[in-house]
Enquirer: 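Questions regarding the structure given below will be posed in turn.
Side chains are part of it too, since the values below use all heavy atoms of this structure and drop only hydrogens, waters and symmetry mates. Being a predicted model, the structure only gives us computed values, none of them experimental. Ligands are counted one by one from 1 in listed order, and the atoms in each one are counted from 1 as well.
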Amino acid sequence: MQDTLNIKVNVTSESKINQVDWENLPFGKVFSDHMLVMEYADGQWQEPVISEFGAIQFHPATSAIHYGQSIFEGLKAYKNNKGEVRIFRPDMNAKRFIESSERMCMPTIPEDLFVECVRKLVEVDQNWIPNREGYSLYIRPFMFATDEFVGIRPSETYKFIVFTCPVGSYYTEPVRVKIEEHYSRAAEGGVGRAKAAGNYGASLFPARKGQALGFHQMLWTDAKTHTFIEESGTMNIMFMINGVLVTPSEDSDTILRGITKRSVLEVASSWGIPVEERKVTVKEIIDGIKDGSVSECFGAGTAATIAHIVKMGFRDETLDINPIENREFSLKMSAFLDDLKAGKVEDTFGWTLKV
Ligand SMILES: *Cc1c(COP(=O)(O)O)cnc(C)c1O
């Protein structure tokens with residue numbers, strides 16, 4: 001692919017890198033010098049072009065804004081102590097982007113092309129990844145419908161854009177979640193499995209209600225019965241129950257197929273830890289926290305990798321989960337994945353792509 005596709009690069013003459021305050025890097029607010037834009041028209045993807053990061057113009061009838069054909073991805077690139085730049089499992093994001101596109105009636109981008117667009121942009125802006133502990137480059141590929149037309153039908157034109165943000169080590173305060181029994185993130189037959197923009201807009205209102213009660217995130221349950229646990233905020237959820245790593249199965253189309261979760265499952269299996277992907281009931285988790293059989297609980301996602309969950313709200317109760325310092329598995333996993341991404345341990349899984 002690298003030989004066959006030559007992405008055009010218009011290097012900016014004015015880098016903004018010297019304006020960055022590396023000590024205070026708010027997540028998602030600082031943008032690297034370049035972005036990649038690729039248009040879909042006449043039934044095919046046009047040549048991708050990398051040029052200066054900046055605002056884009058919108059026609060007021062741009063269909064994505066009105067009818068929501070809009071999807072995204074999120075992944076990270078890291079620089080290791082040898083100065084090598086590596087992207088974590090971009091092929092998985094490419095595959096998921098295809099699934100999201102299909103569900104939203106959008107054109108698909110071949111896996112190789114998606115990966116090369118991401119790789120090339122990271123190569124161009126690689127000096128935006130500082131050689132500092134915990135720093136990385138957050139990569140945001142997204143696609144939206146651009147037909148200038150008021151009417152509900154799949155758009156015939158689209159824009160695919162990739163930009164990147166340098167980010168510092170993502171500190172998450174121990175997370176408090178609330179089991180949600182009224183609102184839903186996703187329903188069977190809906191679009192929960194797709195990384196579709198509207199899913200996140202729809203989750204803001206219940207999340208704000210939860211925040212007013214002192215929780216960071218909602219723990220989403222199935223829309224029909226609210227008795228099965230699905231995921232937490234925008235992370236997949238995992239539990240250690242009697243020494244078994246348990247996570248809700250992806251059989252229903254309501255759970256986002258997370259790459260971090262998949263990686264945790266694969267590493268755990270390689271360590272000989274039993275794993276189960278199955279239905280997880282609210283009742284077994286509440287009972288298990290009370291009797292101590294649920295010893296660990298964490299969210300898994302690209303931004304934080306592993307976010308320890310320490311409190312769980314259920315109706316009028318708030319339960320404390322095993323203190324973080326006693327969590328042997330998730331502490332070890334968190335350190336292992338960080339080291340693997342940073343190139344401190346050998347990537348025996350072959351997950352990282354060298355830029
Ligand atoms: C992106 C996302 C995740 C985590 O996926 P990763 O590939 O691990 O980053 C989990 N749940 C939802 C709803 C998401 O949008």
Side-chain angles (χ1 to χ4, degrees), residues 27-28 68 70-78 87-101 103-104 111 114-115 118 136-143 164-165 167 170 172 175 177 180 183-188 190-204 206-207 210 216-223 229-239 245 247-250 252-268 277 280 297-307 309 330 333-334 336-338 340-341 349 351-353:
F27 190 95
S70 180
I71 58 171
F72 66 97
E73 269 304 326
L75 66 165
K76 281 181 175 173
Y78 302 79
I87 307 174
F88 188 70
R89 307 193 82 172
D91 55 314
M92 298 283 278
N93 297 90
K95 291 190 179 87
R96 190 166 66 191
F97 203 65
I98 291 173
E99 285 182 22
S100 296
S101 306
R103 180 63 183 81
M104 299 302 290
E111 182 181 323
F114 179 100
V115 171
V118 166
S136 60
L137 196 64
Y138 182 79
I139 307 162
R140 170 52 59 94
F142 61 109
M143 190 212 313
T164 68
C165 296
V167 294
Y170 191 94
T172 37
V175 181
V177 300
E180 177 59 62
Y183 297 102
S184 302
R185 191 193 83 87
E188 265 178 62
V191 295
R193 184 180 288 175
K195 241 174 153 66
N199 286 342
Y200 304 85
S203 72
L204 298 175
H216 298 102
Q217 291 175 10
M218 310 319 292
L219 191 52
W220 303 110
T221 55
D222 71 291
I229 287 178
E230 299 208 315
E231 49 185 316
S232 170
T234 56
M235 295 187 293
N236 294 116
I237 190 156
M238 311 188 86
F239 302 95
L245 179 63
T247 191
S249 62
E250 295 169 342
S252 76
D253 48 15
T254 54
I255 295 178
L256 202 289
R257 298 179 155 192
I259 297 161
T260 313
K261 172 186 74 173
R262 183 60 43 209
S263 305
V264 169
L265 289 168
E266 289 173 33
V267 173
E277 293 182 72
V280 178
C297 172
F298 58 92
T302 293
T305 307
I306 281 176
I309 297 173
S330 46
M333 179 62 68
S334 174
F336 177 82
L337 288 175
D338 285 348
L340 188 147
K341 292 169 167 185
F349 295 90
W351 283 341
T352 59
L353 174 76

Enquirer: For atom 11 (N) of ligand 1, what's the nearest protein heavy-atom neighbour? Residue, atom name and distance, please.
Expert: Glu231 OE1, 2.6 Å
Enquirer: Could you tell me the residue and atom name of the protein heavy atom closest to atom 8 (O) of ligand 1, and the distance to it rounded to 0.1 Å?
Expert: Thr260 OG1, 2.6 Å
Enquirer: State plainly whether the residues Glu266 and Arg89 are in salt-bridge range, i.e. N to O under 4.0 Å.
Expert: yes
Enquirer: Should the pair Glu230-Arg185 be classified as a salt bridge under the 4.0 Å nitrogen-to-oxygen rule?
Expert: no
Enquirer: Of Asn199, Val264, Thr302, which has the heavy atom at the shortest distance from atom 9 (O) of ligand 1?
Expert: Thr302
Enquirer: Report yes or no: do Gln217 and Ser232 form a side-chain donor-acceptor pair below 3.5 Å?
Expert: yes
Enquirer: Can you tell me which portion of Leu256 lies within the under-4.0 Å heavy-atom range of ligand 1? Options are side chain, backbone, both, or neither.
Expert: side chain
Enquirer: Taking the six-membered ring for Trp, are the ring centroids of Phe88 and Tyr78 within less than 6.0 Å of each other?
Expert: no
Enquirer: Considering only NZ, NE, NH1 and NH2 on the basic side and carboxylate oxygens on the acidic side, decide whether Glu111 and Lys95 come within less than 4.0 Å.
Expert: yes
Enquirer: Can you find an N or O of Arg257 that's nearer than 3.5 Å to an N or O of ligand 1?
Expert: no
Enquirer: Pick whichever of Arg185, Arg96, Met92 has a heavy atom sitting closest to atom 7 (O) of ligand 1.
Expert: Arg96
Enquirer: Check each atom of ligand 1 against the heavy atoms of Ile259 and keep those under 4.0 Å away; list them by number with element.
Expert: 6 (P), 7 (O), 8 (O)
Enquirer: I need the nearest protein heavy-atom contact for atom 10 (C) of ligand 1: residue, atom name and distance, please.
Expert: Thr234 O, 3.3 Å
Enquirer: Could you tell me which atoms of ligand 1, counted from 1 in the order shown, lie closer than 4.0 angstrom to a heavy atom of Tyr200?
Expert: 13 (C), 14 (C), 15 (O)
Enquirer: Between Arg262 and Glu277, is there a side-chain N and carboxylate O pair less than 4.0 Å apart?
Expert: yes
Enquirer: Enter the distance from Arg257:CZ to Glu99:CD here, rounded to the nearest 0.5 Å.
Expert: 5.5 Å
Enquirer: Give yes or no for whether the N/O distance cutoff of 3.5 Å, strictly under, is met between Lys195 and ligand 1.
Expert: yes
